[in-house]
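The next block holds one structure in the form of structure tokens; read it before the comments.
Chain letters run A, B, ... following the sequence lines, proteins first, then strands; residues in each count from 1.
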Protein chains: 2
Amino acid sequence: MTSARTPHETAREIPEATVARLPVYLRALSTLADSGTTTCSSEALAQAAGVNSAKLRKDLSYLGSYGTRGVGYDVDYLRYQIAREIGVTQDWPVVIVGIGNLGHALANFSGFRSRGFRVVALLDADPRRQAEVVAGVDVRPFDHLEAIVAEHGVAIGVIATPAAAAQDVADRMVEAGITSILNFAPTVLSVGEGVDVRKVDLSIELQILAYHEQRKNGALGEEDAS
Amino acid sequence: MTSARTPHETAREIPEATVARLPVYLRALSTLADSGTTTCSSEALAQAAGVNSAKLRKDLSYLGSYGTRGVGYDVDYLRYQIAREIGVTQDWPVVIVGIGNLGHALANFSGFRSRGFRVVALLDADPRRQAEVVAGVDVRPFDHLEAIVAEHGVAIGVIATPAAAAQDVADRMVEAGITSILNFAPTVLSVGEGVDVRKVDLSIELQILAYHEQRKNGALGEEDAS
DNA sequence: TAGATTGTTAATCGATTAACAATC
DNA sequence: TAGATTGTTAATCGATTAACAATC
């Protein structure tokens with residue numbers, strides 16, 4: 001290291017592209033651990049994660065020096081270090097709003113609990129849905145949002161409503177104190193400073209694939225046919 | 001333009017970051033059109049899309065010159081040009097494999113059809129699911145994959161199976177002739193050259209939010225407490 | 001010591017942004 | 001013509017990658 005960290009400095013900034021890959025490494029390490037592997041090289045881990053080893057080593061270098069030259073990485077140790085860096089060693093209460101088909105799928109998603117995320121409430125504005133119990137949690141009125149956020153200290157909200165309702169839901173979430181939103185509704189959300197929004201958009205992903213697919217088919221769609 | 005395109009050149013390369021934003025612009029234009037707007041400036045469109053106007057103009061410049069200086073863009077005209085560039089003016093038959101909670105949600109997703117994507121088959125390996133009809137399409141055995149791909153000329157496949165099955169499904173898809181895969185299973189897929197894979201991963205998105213959330217909470221998680 | 005593999009450097013590449021000339 | 005807004009330039013920033021010295 002070229003410069004020692006001073007006590008008052010916050011931990012080194014990790015580039016956004018690296019942050020987005022850390023969960024991938026974490027999953028690859030878990031898979032390796034499950035298969036009984038205790039040590040791995042950057043080459044082996046990179047392959048499991050689907051990246052090249054130079055990128056992996058560069059990414060890990062932002063966290064610290066957790067490997068051993070000539071040997072590799074201890075799977076469990078590295079796994080813990082990455083988990084701690086991401087923050088998934090702690091418990092994250094989550095609220096899901098909009099319990100339609102997608103909300104059901106999300107509520108039942110097992111990867112939630114296994115990574116420190118705990119669904120504390122399922123909310124829906126439709127009274128007909130409020131009778132249901134999904135994945136062992138009962139669906140409650142959307143109006144309970146503020147009380148639930150306050151009670152459980154919820155910081156992360158998931159929006160699985162139709163597009164038309166999403167902005168209102170986001171506004172209410174932010175007002176209630178939520179500062180991170182995962183949005184599945186196909187609409188751009190506007191939120192204030194300090195609130196993070198990530199978007200998952202099926203339609204956009206398909207369109208990106210379609211674009212590349214169209215290119216693959218050579219001159220088929222070309223307008224300059226001679 | 002500095003250099004004229006020669007007849008044999010394929011159309012200008014569009015940067016990947018731009019390709020990923022074109023569907024966002026397309027949606028924003030559709031929203032504007034629905035609200036009766038016929039002309040808009042780069043500033044207005046950029047705001048609707050959630051980007052800054054310099055980036056928008058730069059992105060559009062890769063497609064051509066579709067605006068009018070001093071005036072702005074014709075909403076319908078620009079919408080058509082972007083749709084054509086992405087490839088959503090044509091019809092894209094799609095197969096979904098894995099009809100659990102998520103598969104149900106995907107099959108019912110309305111944004112599919114509205115953008116030129118047509119679900120031609122729902123496949124599942126579990127015979128108990130093969131009795132079902134979802135969104136007007138009946139669930140068929142996974143073994144029918146090859147026949148369906150051949151019959152409809154399917155180029156795009158969606159994987160909504162558990163992680164353990166995903167690689168096998170991908171292999172079968174590629175062998176059947178599918179060259180674009182949208183993967184919802186939380187696993188890294190390995191596919192040959194020429195096959196595009198995009199990944200949608202709820203758990204990773206949540207972990208990225210958790211990382212930033214942890215930072216917001218100031219020194220709470222710091223190890224260097226004095 | 002010899003072989004292996006990390007952590008880091010430096011070069012390259014791609015994306016973003018502000019500014020403004022071109023032009024409606 | 002005067003005002004508005006595009007399309008493009010060029011500077012800056014961030015991400016990727018190969019190469020290799022450090023070191024187990």
Side-chain angles (χ1 to χ4, degrees), chain A residues 1-5 12-25 28-29 32 37-75 77-79 81-82 85 208 211-212, chain B residues 1-5 11-22 24-25 28-29 32 37-75 77-79 81-82 85 208 211-212:
Chain A
M1 235 180 267
T2 49
S3 71
R5 224 172 304 136
R12 58 273 150 212
E13 266 315 301
I14 298 183
E16 198 48 41
T18 297
V19 170
R21 282 187 295 265
L22 292 179
V24 180
Y25 302 152
L29 285 165
L32 287 172
T37 308
T38 57
T39 298
C40 71
S41 66
S42 64
E43 189 56 46
L45 180 54
Q47 177 145 21
V51 301
N52 76 44
S53 64
K55 192 187 278 182
L56 170 73
R57 289 199 301 279
K58 181 77 173 153
D59 284 341
L60 294 183
S61 76
Y62 292 110
L63 313 193
S65 293
Y66 296 132
T68 307
R69 289 167 201 248
V71 178
Y73 301 91
D74 181 278
V75 170
Y77 180 63
L78 183 57
R79 181 156 68 139
Q81 293 299 339
I82 294 177
E85 190 70 38
I208 295 169
Y211 172 82
H212 294 294
Chain B
M1 234 180 268
T2 49
S3 70
R5 226 173 301 135
R12 60 273 152 214
E13 268 311 304
I14 298 184
E16 198 48 42
T18 297
V19 170
R21 281 187 295 264
L22 291 180
V24 180
Y25 303 152
L29 285 165
L32 287 172
T37 309
T38 57
T39 298
C40 71
S41 66
S42 64
E43 187 57 45
L45 180 54
Q47 177 146 22
V51 302
N52 77 44
S53 65
K55 191 187 279 181
L56 170 73
R57 290 198 302 277
K58 181 78 173 151
D59 284 340
L60 295 184
S61 76
Y62 293 110
L63 312 194
S65 292
Y66 297 134
T68 307
R69 292 170 199 246
V71 178
Y73 301 91
D74 180 278
V75 170
Y77 180 65
L78 183 58
R79 180 157 68 139
Q81 293 300 340
I82 294 177
E85 189 70 39
I208 295 169
Y211 171 82
H212 293 294

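- For A:Tyr73, a side-chain nitrogen or oxygen approaches OP1 or OP2 of C:dG7 to under 4.0 Å.
- When the P atom of D:dA15 is taken as reference, atom CD1 of A:Ile14 falls 12 Å away, rounded to whole Å.
- The side chain of B:Ser42 places no N or O atom within less than 4.0 Å of a non-bridging phosphate oxygen (OP1 or OP2) of D:dT5.
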A correct 5'-to-3' footprint of nucleotides 16-24 of chain C, with B, S and - meaning base, sugar-phosphate only and no protein heavy atom under 4.0 Å, is SBBB-BBBB
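- Between B:Leu56 and B:Ser42, the shortest heavy-atom distance links the atoms CD2-O, 3.1 Å.
- Figure legend. D:dC13 is base-paired to C:dG14; pairs are counted as Watson-Crick or G-U wobble with both atom distances under 3.5 Å.
- A ring-centre distance under 6.0 Å is not found for A:Tyr66 and A:Tyr73.
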Could you walk me through whether B:Leu29 and B:Leu45 satisfy the side chain to side chain contact (heavy atoms under 4.5 Å, CB included) test, starting with their C-alpha distance in whole Å, then the side-chain angles of each, then the deciding distance to 0.1 Å, before giving a yes or no?
CA-CA 7 Å; B:Leu29 285 165; B:Leu45 180 54; 3.9 Å; yes
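- One atom, CD of A:Glu13, and another, P of D:dG14, lie 10 Å apart when rounded to the nearest Å.
- Counting to the nearest Å, the P atom of C:dT6 and the CG atom of A:Leu63 are 15 Å from each other.
- Under a 3.5 Å cut-off, the side chain of A:Thr68 and the backbone N or O of A:Val71 do not form any donor-acceptor pair.
- With rounding to whole Å, B:Leu56 atom CG is found 15 Å from C:dA15 atom C1'.
- Atom P of nucleotide D:dT6 and atom OH of B:Tyr25 are separated by 13 Å, given to the nearest angstrom.
- Counting any heavy atom pair closer than 4.0 Å across all strands shown, A:Glu16 reaches sugar-phosphate atoms only and no base atom.
- Taking NZ from B:Lys58 and CG from B:Leu60, the interatomic distance works out to 11.5 Å, rounded to the nearest 0.5 Å.
- Taking each heavy atom of B:Thr37 and B:Thr39 in turn, the nearest pair found is CG2-O, 3.2 Å.
- Nucleotide D:dA21 has C:dT6 as its partner under the Watson-Crick or G-U criteria, with both atom distances under 3.5 Å.
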